[in-house]
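These notes are about the structure you will find just below.
We name chains A, B, ... by the order of the sequence lines, and we start the count at 1 in each one.
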Amino acid sequence: MSIRAQMQRMGWSIEWDREIASHEPEMYRWTQWLFLKFFEAGHAHRRAAPVKWCPNDQTVLANEQVIDGHCERCGALVESKILEQWFFRYTAYADELLDDMKLIDWPERVLAMQRNWIGRSDGAELLFRVDELDIDVPVFTTRPDTIFGATFFVLAPEHPLVPKLVEGTPHEQEVLEYVRRTAARSFAEREENEKDGVFTGRFATNPANEARIPIWVADYVLMEYGSGAIMAVPAHDERDFEFAQRYDLPVKTVVVPAEANEASAPGAFSAHTENERLIDSGQFSSLSSPEGKKAIADWLAERGRGRSAVSYRLRDWLISRQRYWGTPIPVIHCPACGIVAVPEEDLPVLLPEIDDYTPKGKSPLEAAQDWIRVTCPKCGGRARREADTMDTFVDSSWYFLRYCDPHNDQAPFDRGLIDYWLPVDQYIGGIEHAVMHLLYARYFAKVLEELGLVGFREPFTRLFNHGWVDMGGAKMSKSKGNVVSPDDFVREHGADAVRLYILFIGPADARVDWQDDGLEGMVRFLRRLWRVALEVAALPDTLAEGPLAHKAHETIAKVTDDIGRRFAFNTAIAAVMELLNEIARDPKATGARFAVETALSLLQPSAPHITEELWERLGHEDRLWKSPWPQADPAMLVRETFELVVQVNGRVRDRLEVPMSLSEDELIARAKESPKVQAHLDGGEIRQTIVVPRKLVNLVVGLDG
RNA sequence: GCCGGGGUGGCGAAAUUGGUGAUACGCGGCCGACUUAAAAUCGGCUGUCCCCGAUGUGGGGCGUGCGGGUUCGAAUCCCGCCCCCGGCACCA
């Protein structure tokens, strides 16, 4: 059964007229159009960069698609390659993506994951001098206060300076061999390996104390982060310490706990704690660690040897894919003009027909030679099309805009319709989208707003993360084969029972376990609803009065709040169950019909089929799904009496049904009259009386006079 | 290690702002009714220990991961700890 037929059988309310598909030219034409806008505005650019490469899928991957060093799709170990690729410059938006979090109402864990992912670090960029080559090499550090403890210097193997440093020296062979070896390692290997590296024979000068420290090349320093070079402070950085231990490099302690005067264990690693101060750091000794950070950074800045700097874990979004199924990147490579955008009127650039779709290390589109070979739109000379396609996350970064105007063939969407519908008030999706789709879409909105295409900078005002259904302790998924096919249950018990059960099984944001027995319970509930409703339908109509009508109004209030505000579908259904239990106790009671109709209304969104049928059988000619949501009448919510809880010393001793109208003094008087309460007062003196209106009275009795 | 979320019956869970007996609603279990029987359905019971002047519409103690605290009152707030789930992690 197709996915669409499955959705229809479940009775989902979907406006199929707005269906769009990212692989159809009518849609990807506009993805290409948007790419060109990004390109013109400088947001899309092509550059050579070390990229994550999946050897199995034969394609590059975005950083976000690498999980623990493995390919998100196939699980293969991801490798490093240097390739010319297209990027969206979203690191430029790192601070905005952080700051604008205050504009949106999202679950804290998603914001935390995004914050984590962006990974902003505040620190300083400091210049170390290599005298023999007469150059300065910048390092990024978050701990300028430890600079007097820098005992060596490390460059990433990919650092462009490495070959120059060793050229013509006795270390050249060894260093270049090391660089080659690490290049062949996968990311996972690099991380798992014990730290290794090689000395270059060169020295750098520490700008703080003019100490000459050896320059090493080691693959625990990453080219993609900071400047690809570090000052190593083994006493205060665990990784540097590990490396120093292995190669017997000196360890110099420069930060100690506030009360200590010297390092308790010289040459050891000391973890960062609060309340530290500097030692052996020239004029900065005895400053606290935060003071030292600022003072040293300022001092170096004054002398032109540093500046404050911010670094991010976030990398630019790599969007090139060497795959067939994606939107072709609409540019042309001309030997004379360079990269030339496909003119807007030539869009869409259609995916060519090819025989072999399998990935083979370069784009399968390269095989379509007639398609590849074009004339340059600028100079008319011979040129080649870009053969890579876009990451499909580009499509999902704006699909919701297209939903507002799905058939527009003049523009991706009409601004007026966007202003009417968007931003999305309530977005619902799984937590797996936290750092991919949701971050990309936020970035897209910011660029589109700057391009004047939309009027907002955050696309999804509120976000709710739904949970998922586990089966025998593992997430249900087709690849694991532990899937409950809804079709079987729908065939056997109907879509309503399945829908209700999924809502009832637990909180909507939780991970829940599928139990066949639970579904049986829901089937029982629906049968009961059916019986009771028909029984009531056969009785003469009564007024919407009496205890049942009151209960019905209370249920309306509860369900409306549960669904509308709390996303608590499980308790909403429980409330309707309570109402039905009450009706079933005496279906002939006054107000039973009103109560049944209320139950049907409240269940309509969850169980649309059975409620519609019963609605008709109750004699209605209109359609329940078109009827307005029921309103709780405030007058019907008011009770004349309530159950007063009487406590003595905080322990419940009696419950009394009393009129709502009683004053606090009267409530206290009633409480004291209770024989059960008196038994516990036991003649003791009442020292304090607490009254919570409409709830309880607490009498505090002295233990002893 | 850092960040986020959790821990409540036999099970899924509820208790929304510190104020209704902790455990709604459902599942499972036990007992009963109906039936030749079963299914279906309906009714009752179902945290734990204890008391009885006595089997009741009775009474009491304990109980929300563990130990403390605040409060008239704590599943809810605070401090310390344990465990589980998720994210990040050679990011300087």
Check: Which atom pair, heavy atoms only, marks the closest approach of A/Trp106 to A/Gln114?
Finding: CZ3-NE2, 3.7 Å
Distances under 3.5 Å only, N/O to N/O: pair up the protein atoms with those of nucleotides 84-87 of chain B.
unit_1, atom_1, unit_2, atom_2, d
B/G87, N2, A/Asn116, ND2, 3.4

Item checked: More than 12 heavy atoms from other groups under 6.0 Å of CD on A/Gln426 -> yes
Do any N or O atoms of the protein come closer than 3.5 Å to N or O atoms of nucleotides 27-30 of chain B, and which pairs are they?
unit_1, atom_1, unit_2, atom_2, d
B/C27, OP1, A/Arg524, NH1, 3.1

Note to self: Which residues pass the ring-ring contact (aromatic ring centres under 6.0 Å, His included) test with A/Phe569, not counting sequence neighbours?
What the structure shows: A/Phe567
Check: Do A/Glu578 side-chain atoms and A/Ala575 backbone N/O form a donor-acceptor pair below 3.5 Å?
Finding: no
Checklist line | Contact nearer the 5' end of RNA chain B, comparing A/Gln688 with A/Asp561 | finding: A/Asp561
Item checked: Under the side chain to side chain donor-acceptor pair (under 3.5 Å) test, residues paired with A/Ser289 that sit two or more places apart -> A/Asp145
Margin query: What is the separation between atom OH on A/Tyr501 and atom C1' on B/A13, rounded to the nearest whole Å?
Written below: 11 Å
Note to self: Closer than 4.0 angstrom, basic N to acidic O: yes or no for A/Asp95 and A/Arg120?
What the structure shows: yes
Notebook entry, point to check: Less than 4.0 Å between a side-chain N and a carboxylate O, is that true for A/Glu108 and A/Arg115?
Noted result: yes
Checklist line | Residues forming a ring-ring contact (aromatic ring centres under 6.0 Å, His included) with A/Phe153, sequence neighbours excluded | finding: A/Phe128
Checklist line | Length of the line joining A/Arg527:CZ and B/A39:P, which is rounded to integer Å | finding: 14 Å
Check: With respect to the phosphate group of B/C25, does any side-chain polar atom (N or O) of A/Arg528 fall under 4.0 Å of OP1 or OP2?
Finding: no
Note to self: Taking side chain to side chain contact (heavy atoms under 4.5 Å, CB included) as the definition, give me every residue that meets it alongside A/Asp196, ordered by chain and number, with sequence neighbours left out.
What the structure shows: A/Tyr178, A/Arg185, A/Asp219, A/Arg246, A/Tyr247
Next item on the list: Examine the base of B/U16 for any acceptor or donor lying under 3.5 Å from a partner atom in the side chain of A/Arg565, and report the outcome as yes or no.
Entry: yes
Note to self: Counting Watson-Crick and G-U wobble pairs with both distances under 3.5 Å, what is the dot-bracket string for RNA chain B, 5' to 3', using [ ] for crossing pairs and | for pairs to another strand?
What the structure shows: (((((((..(((......[.....)))((((((.......))))))((((((...).)))))..(((((..]....))))))))))))....
Item checked: Where protein sits on nucleotides 45-52 of chain B, one letter per nucleotide: B base, S sugar-phosphate only, - none, heavy atoms under 4.0 Å -> --------
Check: Hey, is the main chain of A/Arg143 close enough, under 3.5 Å, to the side chain of A/Thr146 for a donor-acceptor pair?
Finding: yes
Check: Between A/Arg528 and A/Asn581, is any side-chain donor less than 3.5 angstrom from a side-chain acceptor?
Finding: yes
Check: Which listed nucleotide (B/G26, B/A92, B/U16) is nearest to the side chain of A/Asn581?
Finding: B/G26
Check: Excluding sequence neighbours, so at least two apart, what forms ring-ring contact (aromatic ring centres under 6.0 Å, His included) with A/Tyr312?
Finding: none
Check: For B/G9, does the O4'-C1'-N9-C4 (purine) or O4'-C1'-N1-C2 (pyrimidine) torsion place it in syn, i.e. within 90° of 0, or in anti?
Finding: syn
Next item on the list: For RNA chain B, find the residues of residues 120-130 of chain A with a heavy-atom distance under 4.0 Å and give them by number; none if there aren't any.
Entry: A/Ser121
Notebook entry, point to check: Sequence neighbours excluded, which residues qualify as ring-ring contact (aromatic ring centres under 6.0 Å, His included) partners of A/His553?
Noted result: A/Phe594
Next item on the list: Compare side-chain N and O positions of A/Arg694 against OP1 and OP2 of B/G19 and report whether any pair is under 4.0 Å apart.
Entry: no
Next item on the list: Over 60° means perpendicular and under 30° means parallel, so classify the ring planes of A/Phe199 and A/Trp216, tilted if in between.
Entry: tilted
Checklist line | Partners passing side chain to side chain contact (heavy atoms under 4.5 Å, CB included) against A/Ala244 (at least two apart in sequence or in another chain) | finding: A/Phe152, A/Pro234, A/Leu249, A/Val251
